[in-house]
Undergrad: 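Sharing a structure below in structure tokens format, with a few things to ask.
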Protein chains: 2
Amino acid sequence: MEVLGLMTAPKMDVAKVTLRDVAERVGLSVSAVSQALLDGPRIGTETKARVREAAEELGYVTNSAGRALRARRADAVALIVPNTSQHVFGHSYFMHVLTGVTDAANSREAQLVISTNVDEQHGKAAYDRVMRSGSVDGAIVTSAAVDDEGIAQLVSSGVPVVLLGGFPVLPDAVSVGIDDVAASYAATEHVVRDHGRRSVVHISGPLDHQAAIDRRDGFIAAAEHYGATFEVVEGDFDEESGDAAAVSIQRREGVDGVVAANDEMAFGAMRRLAADGHDVPRRISIVGFDDFGLARVTTPAITTVRVPAEEMARLATDRLFDLIGGVRFTGPDAHAVLPTELVVRQSCGCP
Amino acid sequence: MEVLGLMTAPKMDVAKVTLRDVAERVGLSVSAVSQALLDGPRIGTETKARVREAAEELGYVTNSAGRALRARRADAVALIVPNTSQHVFGHSYFMHVLTGVTDAANSREAQLVISTNVDEQHGKAAYDRVMRSGSVDGAIVTSAAVDDEGIAQLVSSGVPVVLLGGFPVLPDAVSVGIDDVAASYAATEHVVRDHGRRSVVHISGPLDHQAAIDRRDGFIAAAEHYGATFEVVEGDFDEESGDAAAVSIQRREGVDGVVAANDEMAFGAMRRLAADGHDVPRRISIVGFDDFGLARVTTPAITTVRVPAEEMARLATDRLFDLIGGVRFTGPDAHAVLPTELVVRQSCGCP
DNA sequence: CGGAATTGCTGTAACGATACAGCAGAGTAG
DNA sequence: CTACTCTGCTGTATCGTTACAGCAATTCCG
């Protein structure tokens with residue numbers, strides 16, 4: 001700065017320092033400076049140091065558009081949240097995912113673009129544009145409905161994409177998820193085997209979502225295996241639908257166990273049952289699914305399945321960068337399954 | 001393209017359709033096509049229609065790097081979360097903000113870039129780079145510590161920035177917030193006036209944050225006005241610090257009211273007091289602040305101040321786009337204050 | 001010691017889009 | 001009939017960066 005010892009304007013005009021300015025400063029060509037900053041092999045060690053120093057002093061920051069245009073790489077990834085998912089998944093799920101993704105993206109110095117869809121109509125267009133405009137190098141897609149055309153198309157178009165969460169297995173897709181069937185089986189097992197409940201109801205998620213389907217199937221398998229009578233009521237992952245399900249449960253005689261496909265519905269059901277005078281957890285066991293925060297703070301606290309959303313997101317992002325880097329995942333390698341854990345609290349009847 | 005009339009591959013390589021392809025298709029120059037798609041005034045109506053149709057057919061999507069480079073505009077905004085805030089604010093706050101920002105950004109067809117800071121060291125560099133690289137046109141900054149140098153610098157550097165939340169008033173900055181003092185006064189007033197509590201404790205947030213300072217000041221003003229004895233315990237907005245504060249509260253005789261600077265601390269304190277055999281809310285009133293979700297689901301549900309985070313974020317984003325568009329906010333106009341609301345539930349002693 | 005390899009830089013040509021000057025041709029006015 | 005204004009397009013320069021060919025020096029090697 002203090003070139004002439006003059007008072008220079010303190011307001012250095014943002015984003016105006018280009019490679020040429022740096023080049024002039026060190027008396028080199030623009031390309032030499034570019035190569036120096038990229039640590040190219042054909043530039044002298046001492047020159048690199050001089051260039052870096054000058055760049056630092058001038059406050060040079062690579063213009064992302066220029067780089068993206070020429071290098072055909074945006075150094076950015078998108079987190080795509082189909083509108084359906086946005087509605088279906090609560091806030092907390094998304095937060096965990098976001099934490100994991102930002103973490104991984106940050107450590108690669110990549111930017112993170114959030115892409116949600118405004119409405120069903122322009123749904124496809126939204127992420128399609130993001131991908132095709134070249135503003136990101138790849139995307140993480142959080143669970144969409146099983147019949148989501150756009151996602152399937154996105155995957156088959158060859159752009160680097162990693163699916164996150166309970167997905168219909170698109171054979172060509174790379175995905176990170178959990179074993180919803182097994183986890184739901186374990187939760188149900190705890191209710192019917194460990195607590196001896198004989199008549200259980202499952203409050204499922206919307207059954208056009210793979211996670212909802214799998215959790216229901218795990219429930220049914222366990223109920224059948226242990227010879228409990230059971231029924232499935234379809235909800236939509238919202239607290240209100242848990243409440244509604246609890247109303248219908250009360251019309252049924254002798255229900256002593258409720259397995260919900262997520263914690264919000266479990267909470268809705270629990271609150272309704274308690275309000276209507278049922279003794280939870282003594283007479284009725286309730287378990288949830290997710291453990292994204294809610295289950296821990298209710299009274300009684302909800303026994304649930306911990307879904308490692310943050311780790312999933314981190315792994316998904318790592319794989320995405322691998323994909324972008326040219327790595328190809330094939331066969332079973334393409335589908336990572338992370339372990340879940342039954343978190344025993346009080347809503348099931350445990351002390 | 002179809003130079004030899006050969007069968008071309010049906011798998012159109014993603015993001016490969018450029019303006020030139022469209023131009024060739026309709027038999028126009030590249031610039032004509034560009035102007036047509038931008039709805040320029042010097043292009044014939046019928047030509048525009050033909051161009052749009054061809055672009056649609058070919059699946060043309062504007063390359064964002066090309067546009068950004070030439071048009072000096074990224075059509076993207078950043079949501080900057082200083083690491084300090086990320087720690088200080090819970091997940092739910094951020095989610096509400098995110099919802100508001102995405103909404104507003106979506107409706108302007110702008111992309112949203114999330115920028116969190118990895119660590120304290122490179123903290124400044126992180127958002128500095130985002131801004132200077134030209135990859136966004138402006139930024140929303142969620143509340144930082146009062147002494148955050150980087151933010152002040154960012155604001156004075158002239159890039160479009162809107163501060164969100166309880167900020168030290170940087171005179172030149174555009175901000176959107178609430179009246180923390182008044183809201184905290186109202187919450188405290190409810191405890192001391194409406195419930196007749198005479199010895200109240202405030203669990204504050206970290207006092208290097210303006211919101212924490214203001215909420216404490218509102219508490220003190222109300223306590224003094226109604227002649228209650230009071231004390232302030234500093235927490236850090238985390239549930240654990242509410243728990244810790246409750247421990248210290250129990251060493252003090254006769255405390256019958258707790259005003260926490262957020263719901264998580266209120267919950268931590270409430271849970272600890274209940275566990276230690278105190279009758280909340282009959283003997284001790286507790287109120288929180290925020291109403292981002294937690295307060296509604298606890299038992300008893302927490303009386304709190306609703307902070308309209310989503311609306312704040314939406315307004316902040318709208319103002320950011322105004323700034324980017326050249327609008328200047330001066331004087332009081334620069335600082336929007338949204339109304340809060342006391343949400344009365346059971347933790348204060350109301351039925 | 002002559003030719004080959006290496007080192008360290010320069011110069012040029014893109015990447016894709018857009019702003020703007022320019023330029024035909026048609027219409028209009030005096 | 002000249003001079004002017006529109007209208008609707010073409011052509012060119014440019015945004016900032018990077019890939020790559022080229023080209024002097026210098027070093028290496030048998």
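Here is how names work: the chains are called A, B, and so on, in the same order as the sequence lines, proteins then strands, and each is numbered from 1.
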Undergrad: Can you name the residues that form a salt bridge (charged side-chain N to carboxylate O under 4.0 Å, His left out) with B/Arg50, not counting sequence neighbours?
TA: none
Undergrad: Separation of B/Leu19 atom CG from C/dA19 atom P, in whole Å?
TA: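 Rounded to whole Å, this separation is 12 Å.
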Undergrad: With a cut-off of 3.5 Å and sequence neighbours excluded, list every side-chain donor-acceptor pair involving residues 35-49 of chain B.
TA:
from    : atom 1 : to      : atom 2 : distance (Å)
B/Asp39 : OD1    : B/Lys48 : NZ     : 2.9
B/Lys48 : NZ     : B/Gly40 : O      : 2.9

Undergrad: Nearest-Å distance, CG (B/Leu58) to C1' (C/dG16)?
TA: 16 Å
Undergrad: Who pairs with B/Ser135 by side-chain hydrogen bond (donor to acceptor under 3.5 Å, both in side chains), at least two apart in sequence or on another chain?
TA: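 Counting only residues at least two positions away or on another chain, B/Ser135 forms a side-chain hydrogen bond (donor to acceptor under 3.5 Å, both in side chains) with A/Gln111, B/Ser133.
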Undergrad: Over the length of the helix from C/dC1-D/dG30 to C/dG30-D/dC1, how much do the five-pair end axes diverge, rounded to 10 degrees?
TA: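 The angle, to the nearest 10 degrees, is 40°.
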Undergrad: Just jot down the salt bridge (charged side-chain N to carboxylate O under 4.0 Å, His left out) partners of A/Glu311, sequence neighbours excluded, or say none.
TA: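 For A/Glu311 the salt bridge (charged side-chain N to carboxylate O under 4.0 Å, His left out) partners, ignoring immediate neighbours, are A/Arg306.
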Undergrad: How long is the line joining CZ of B/Arg67 and C1' of C/dA17, in whole Å?
TA: 8 Å
Undergrad: Rounding to an integer number of Å, can you tell me how far B/Arg73 CZ sits from C/dT18 C1'?
TA: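 Value for this atom pair: 10 Å.
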Undergrad: Between A/Leu37 (CG) and D/dG16 (C1'), how many Å, whole number?
TA: 13 Å
Undergrad: Whole angstrom is fine here: how far is it from CG in B/Leu38 over to C1' in C/dA19?
TA: 10 Å
Undergrad: Measure the distance from CG on B/Asn63 to P on D/dC15 and round it to the nearest whole Å.
TA: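 Between P of D/dC15 and CG of B/Asn63: 18 Å.
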Undergrad: If the condition is side-chain hydrogen bond (donor to acceptor under 3.5 Å, both in side chains), which residues does A/Arg73 pass it with, not counting sequence neighbours?
TA: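 Here the qualifying residues are A/Asp75.
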Undergrad: Determine whether a donor-acceptor pair (N or O, by modelled atom type, separation under 3.5 Å) exists between the side chain of B/Thr142 and the backbone of B/Ile80.
TA: yes
Undergrad: One character per nucleotide, please: for nucleotides 5-15 of chain C, 5' to 3', B when the base has a protein heavy atom closer than 4.0 Å, S when only the sugar-phosphate does, - otherwise.
TA: --BBBBBBBBB
Undergrad: Of A/Val77, A/Ile324, A/Val174, which meets side chain to side chain contact (heavy atoms under 4.5 Å, CB included) against A/Pro160?
TA: A/Ile324
Undergrad: Touch check for A/Ser34, heavy atoms < 4.0 angstrom, all strands: base, sugar-phosphate only, or nothing?
TA: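 Base: the residue A/Ser34, judged by heavy atoms under 4.0 Å, touches a nucleobase.
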Undergrad: Applying side chain to side chain contact (heavy atoms under 4.5 Å, CB included), can you list everything that pairs with A/Ala316, at least two apart in sequence or on another chain?
TA: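 Partners of A/Ala316 by the side chain to side chain contact (heavy atoms under 4.5 Å, CB included) criterion, ordered by chain and then number, come out as A/Ile140, A/Val162, A/Leu164, A/Val176.
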Undergrad: Can you list the residues that meet the side-chain hydrogen bond (donor to acceptor under 3.5 Å, both in side chains) rule with A/Arg314, with sequence neighbours excluded?
TA: A/Asp103, A/Glu310
